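Only one structure is covered here, and it is reproduced in the block below.
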Amino acid sequence: MYSEKVMDHFQNPRNMGEIEDASGVGTVGNAKCGDIMRIYLDIDENQIIRDVKFKTFGCGAAVATSSMATELVKGKKIQEAMQITNRAVAEALDGLPPVKMHCSLLAEEAIHAALWDYAQKHGITIEGLQKPKSDIHEGEEEEAEEY
Amino acid sequence: MKPFIYLDNAATTKTAGEVVEAMLPYFSEHYGNPSSIYSLGAASKEAVTQAREIVAGSLGAMTNEIYFTAGGSEADNWALKATAEAYADKGKHVITSAIEHHAVLHTCEYLEKNGFSVTYVGVDENGIVKLDELEAAIRPDTILISIMFANNEIGTIQPIEKIGEIAKKHGVLFHTDAVQAYGQIPIDVDRYHIDMLSASGHKLNGPKGIGFLYIRKGIRIRSFVHGGGQERARRAGTENVPGIVGLGAAVRRALRMMEEKTEKETMLRDELIRRIEAEIPYCRLNGDRHRRLPNNVNFSFRFVEGESLLIMLDMEGICASSGSACTSGSLDPSHVLLAIGLPHEIAHGSLRLTLSEETTREELDTVVDAIKRIVERLRAMSPLYEDFLKEKQ
């Protein structure tokens, strides 16, 4: 059900781990739904993401999207990182099964949450960045089933 | 195909060699329609009769109480819907449990949409139905109690005899979904006061697509499939003769092997449980330690998500299953694990291993080693584990 790229990132996750004294840390998702993603950012004085690490509790797609998202933002300027959408993460993985698209959304939100934390700590405003939701599944409706 | 270790026998089993042998002549040799008058048809009819005798004998039932179906789900649907219809004049209340298979639960939801009310009785932390709650739920308009014999996820065996006594005492019909139990543990419909029982062939080394519903004589039951006169006109359609023959052969084999198989599986099961508990920290055995199917092992590993665990096991050639949400396509983990009181994040980290009589100790050694490594790896990746370690310091 997963693409080769998803399987590769799941088996060999890039940038898995923690950053001590990170510039920004963001955690999103909730255990109720089975996915929690945490992103650590190390951002230099030129607002370039020097290093990024992740930790994820979740399914294969959740791990793979975290891994891919870290690859996509590493070395980028904050504003560039802001442009990375969940769709871009999913496309970079050669697609995700429809039921797993929310995992890519989680990756986008985790990056944003870490940037928000960085912005708060440094008293800056990042254009287009909003306070992260505490639960990305808020407002998500399950399709009604008919029997 | 790469060599693999199959520990998902609650999902389905390998069709036994002797079962396939028994079925083969009924495809291209004795292919007659059992309803036909000529001798080619008679041979098929005879084969169906023999299979029905074997199945009836296995339950202490009569042959005219066995109705072949296309499997366990159909039998469950039939038992619930047809009983509801036939007894609606008596009442419109059904009692079941919170941990039933979806074939029962979703059928109950369907009944609810059609004017019936359903009480979902709770279970204790080991998955045993609360008998006092069950008895208290009975109302004057209760027509049916449907409680599974043994649970498919956590393997808990219900106090079926007591449930049967309660149903009988109150004059309520008792149906049991015995898909997981049938062929694994002895069942006697009279002793347990069972009025209806569903079972499936492919869970006991028989073919897929065949099962049956036992309906005690005297129970009003409506036809489930209208058409010809097959199955005493209750379930029309030309009989799946090879399937029925296969089911009969599988039942005969299961009865013959039951004692030996149970002894072997129970020993390996308990050894597997002991090793996992001893070697992997922060795990929890789900289901009752003693009142459980001989082949079922179900653990939750904290801080780990089930689908990730399954994919990594699959990469090592190990077939297992999980109650994680990701394996069901919804956001919620298994209703069974939630019903026994597990918090969501622990329910997501469950792993079910179901053995067969072919499972070896060497295979289980390989599996325990793999689980240890994988759980460790996934925990290193888990923010929940990171938080847990920080809190502990």
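In what follows, every chain begins at residue 1, and chains take the letters A, B, ... in the order their sequences are listed. Everything quoted here is computed from the prediction, not taken from an experiment.
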Residue from B:P383, B:P343, B:G349 scoring the most non-hydrogen pairs under 4.5 Å with chain A is B:P383

Does this structure show an ion pair linking B:R235 with B:E74, if we count only N-O contacts that are shorter than 4.0 Å? yes

Residues pairing under side-chain hydrogen bond (donor to acceptor under 3.5 Å, both in side chains) where one sits in residues 76-97 of chain A, two or more places apart or in two chains, turn out to be A:N86-A:S104

Parallel, tilted or perpendicular: which fits the ring planes of B:Y385 and B:F388, with parallel below 30° and perpendicular above 60°? parallel

Side chain, backbone, both or neither of A:Q11 within contact of chain B (heavy atoms, under 4.5 Å): both

Interface residue of largest heavy-atom contact number with chain B, from A:M7, A:M16, A:M37, under 4.5 Å: A:M16

State plainly whether the residues B:E386 and A:R38 are in salt-bridge range, i.e. N to O under 4.0 Å. yes

At a 4.5 Å cut-off on heavy atoms, which part of B:R379 comes close to chain A: side chain, backbone, both, or neither? neither

